[in-house]
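Working notes, structure below.
Remember, it's 1-based here, ligands and their atoms both numbered in the order they're listed.
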Amino acid sequence: MNTEQPIGLFDSGIGGTSIWKEIVKLLPYEDTIYLADSSNAPYGQKTQKKIIELCVKNTELLLSKGCKIIVVACNTATTNAIDFLRKNYNVPFIGIEPAIKPAALYSKTEAIGILATKGTLSSKLFEKTANEYTRHITTIEQVGEGLVPLIEAGKTNSSEVKNLLKTYLEPMLKHHIDHLVLGCTHYPYLIPEIRKIVGNNVQIIDSGEAVARQTKNVLKKLDLQREAKKSKHQFYINTSSTTLRNLLHNSSVSFSVEELNF
Ligand code: DGL
């Protein structure tokens with residue numbers, strides 16, 4: 001492994017670009033390769049066996065492209081497959097999990113909401129973290145069913161999204177939550193709509209920045225951080241790239257997008 005190799009990222013689709021943006025901000029000299037496995041989205045409704053299979057496919061493609069570290073930019077993939085990946089591949093993996101620890105720690109109303117996929121909420125890793133940090137408070141867990149396909153279709157401001165969000169979030173408000181954990185990397189793209197529903201007194205937490213910091217720490221520790229050089233960013237997607245291009249269009253860095261069968 002050497003400093004010149006790119007950082008690899010993958011997600012069930014375009015949601016992990018919310019993590020990619022934080023990584024590019026914090027590590028501006030690193031090259032990146034991002035895989036959007038949109039043809040298999042959503043992962044959240046699949047079995048753990050299937051999720052592991054898809055993560056293996058994505059990992060092998062990123063390794064064949066010479067990545068020095070892999071960021072699993074998907075809560076569902078992390079909570080279901082990261083143990084398997086770490087046991088089977090000799091490359092460092094960074095994962096993302098719903099940030100329930102800070103939410104539980106800072107909640108004054110002692111009530112927090114967690115919006116995530118079925119795959120994440122039913123995973124053993126999530127159960128373990130929840131048991132550790134939330135036993136003394138009220139947690140309202142909600143599957144964000146239907147949201148990922150709408151985001152993949154570029155319908156973040158649609159009435160379908162607004163109605164689903166109302167159905168999912170209003171019951172949380174009745175429990176007086178003061179923190180809402182976004183447990184899926186697609187959901188940060190819904191923050192403007194979420195904010196309209198929950199108002200300004202609910203703290204919305206996503207883990208993007210924390211993942212970028214963790215990636216930086218691991219690269220530093222392994223002496224794999226790249227020196228000040230111009231960076232290159234490549235995206236591969238196995239469906240139409242229109243929504244992805246729209247999401248990235250105001251990006252501060254230049255990038256290439258390729259539609260690829262994988
Ligand atoms: N971005 C994925 C996550 O963080 C979406 C999951 C899905 O495809 O259902 O969980």
Nearest non-hydrogen protein atom, atom 10 (O) of ligand 1: T76 OG1, 2.6 Å
Partners passing salt bridge (charged side-chain N to carboxylate O under 4.0 Å, His left out) against K232 (at least two apart in sequence or in another chain): none
Min N/O separation Q45 to ligand 1 under 3.5 Å: no
Short N-O contact, K68 and E4, less than 4.0 angstrom: no
Protein contact to atom 7 (C) of ligand 1 [nearest heavy atom, distance to 0.1 Å]: Y43 N, 3.2 Å
Note: K57-E53 ion pair, threshold 4.0 Å (strictly below): no
Residue, atom name and distance, where the atom is the protein heavy atom closest to atom 2 (C) of ligand 1: C74 SG, 3.2 Å
Enumerated ligand 1 atoms positioned under 4.0 Å from heavy atoms of D11: 1 (N), 2 (C)
T117, portion touching ligand 1 at heavy-atom distance under 4.0 Å: side chain
Any N or O of T120 closer than 3.5 Å to N or O of ligand 1: no
Qualifying residues under ring pair (Phe, Tyr, Trp, His ring centres under 6.0 Å), relative to Y34, sequence neighbours excluded: F235
Check ion pair K216-E22 (N to O, under 4.0 angstrom): no
Note: K196-E193 ion pair, threshold 4.0 Å (strictly below): yes
Element-labelled atoms of ligand 1 that are located less than 4.0 Å from some non-hydrogen atom of S12: 2 (C), 5 (C), 6 (C), 7 (C), 8 (O)
salt_bridge(K229, D31) N-O dist < 4.0 Å: no
Heavy-atom nearest option to atom 5 (C) of ligand 1, drawn from G144, C184, G44, P42: C184
